[in-house]
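What follows is a set of notes on a single structure, which appears directly below.
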Amino acid sequence: MRLYYTDHFELPLPETHRFPMDKYRCLRQHVVASPDHQDDTLLVPTAATDQQLLLCHDAAYLDRVVSGTLSKAEIRRIGFPWSPKMVERSRRSTGATIAASRAALADGVAANLAGGTHHAFADAGEGYCVFNDAAVAIRVLQDRNEIERAVVIDLDVHQGNGTASILSGDDFAITLSIHGVKNFPLRKVASDLDIALPDGTGDDAYLSALEGALEQMLRSGPFDLVIYLAGADPFQHDRLGRLSLTFEGLQRRDETVLRWCQTHGFPVAISMAGGYADRISDIVQIHATTLKTASRLSKLK
């Protein structure tokens with residue numbers, strides 16, 4: 001399995017910033033040390049180009065990001081201070097999902113050790129998301145006639161409003177979001193299928209909702225590509241999550257999605273999406289389990 005990483009393209013943040021940027025470096029280090037990935041390949045992706053980003057993002061917005069002329073309100077909405085390193089990091093993370101998507105077409109499954117920036121709109125960033133990696137990857141592959149139909153399975157605890165907005169009205173790019181009903185963003189943008197769960201939803205109820213959603217998704221298939229946002233933030237101890245999934249429940253979630261893809265012959269590119277537990281080790285454990293599950297299943301094909 002090919003794994004794409006970008007953590008060495010650092011995004012400088014103040015020490016008091018609430019975003020756990022170290023989780024990406026710690027995840028890569030875990031993968032390097034783990035015998036579960038001794039046959040997998042770690043790769044550095046190329047950066048997404050302007051041409052690729054413009055398939056989803058407005059030219060004026062892209063220019064403001066690149067030139068550092070975002071307004072204070074725009075920077076506040078993104079949640080990261082602007083810097084050239086922020087731009088490069090965002091390009092690389094998007095490039096990683098493009099690369100993982102192409103690798104999935106060849107190998108069946110691949111992963112971006114970051115990504116899942118689903119709050120980025122065509123003309124604005126939001127919620128720690130500058131460019132929308134899943135939407136850009138789909139548009140790039142469609143533009144090159146490498147795929148026709150794709151589905152985004154967004155299991156971050158926050159609704160994928162930016163992805164839903166960018167891909168709205170496209171019968172060839174289907175969006176599914178399973179998220180907390182009372183969680184960010186306050187104003188949701190309708191996906192093709194939204195499953196909104198109450199605070200405190202646990203393993204069994206979540207998995208039941210997921211299985212029903214996947215059954216509905218089959219009616220829109222088959223798909224040439226699945227992009228799976230495997231958020232760590234439905235975890236019961238996540239600061240921003242409000243759901244109550246356990247480590248075991250999250251592993252069962254991953255197993256359900258990845259076996260569904262494998263059973264139906266859908267290539268899947270995985271991105272890590274959100275995770276805000278107080279202990280970074282918990283976030284890393286959840287993401288590492290996702291990658292371990294994917295790697296194990298890839299060897300059974």
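Residue numbers count from 1 along this sequence.
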Does anything in residues 119-137 form a salt bridge (Lys or Arg N to Asp or Glu O under 4.0 Å)? List the pairs, not counting sequence neighbours. R77-E126
Counting only N and O atoms by type, is there a donor-acceptor contact under 3.5 Å from the side chain of T117 to the main-chain atoms of F131? yes
Applying ring pair (Phe, Tyr, Trp, His ring centres under 6.0 Å), which residue pairs with at least one partner in residues 75-95 are found, sequence neighbours left out? H17-F80, F19-F80, F80-Y128
Residues in side-chain hydrogen bond (donor to acceptor under 3.5 Å, both in side chains) contact with H30, at least two apart in sequence or another chain: none
Could you list all the ring pair (Phe, Tyr, Trp, His ring centres under 6.0 Å) pairs where at least one residue sits in residues 164-187, not counting sequence neighbours? H119-F184
Q142 and side-chain hydrogen bond (donor to acceptor under 3.5 Å, both in side chains): which partner among R144, E146, R139? R139
All ring pair (Phe, Tyr, Trp, His ring centres under 6.0 Å) counterparts of H158, not counting sequence neighbours: none
Salt-bridge present (D278, R239; N to O < 4.0 Å): yes
Which donor-acceptor pairs under 3.5 Å do side chains of residues 6-14 form with protein atoms, sequence neighbours excluded?
residue	atom	partner	partner atom	Å
D7	OD1	R28	NE	2.6
D7	OD2	R28	NE	3.0
D7	OD2	R28	NH2	2.8

Salt bridge R2-D107, side-chain N to carboxylate O under 4.0 Å: yes
Any pair counted as ring pair (Phe, Tyr, Trp, His ring centres under 6.0 Å), so long as it reaches residues 186-232, sequence neighbours left out: F223-F266
Testing the 3.5 Å rule here: is there a donor-acceptor pair between the side chains of Q159 and N183? no
Under 3.5 Å, which donor-acceptor pairs link side chains of residues 54-61 to any protein atom two or more places apart or in another chain?
residue	atom	partner	partner atom	Å
H57	ND1	F121	O	2.9
H57	ND1	A122	O	3.3
H57	NE2	N132	N	3.0
Y61	OH	G125	N	3.1
Y61	OH	V130	O	2.8

Could you list the residues that satisfy side-chain hydrogen bond (donor to acceptor under 3.5 Å, both in side chains) with E148, not counting sequence neighbours? none
Ring pair (Phe, Tyr, Trp, His ring centres under 6.0 Å) involving F247 - partner list, sequence neighbours excluded: F235
Under 3.5 Å, is there a donor-acceptor pair between the T246 and D203 side chains? yes
With sequence neighbours left out, the residues meeting salt bridge (Lys or Arg N to Asp or Glu O under 4.0 Å) with D63 are none
Sequence-distant partners of R92, salt bridge (Lys or Arg N to Asp or Glu O under 4.0 Å), two or more places apart: E88
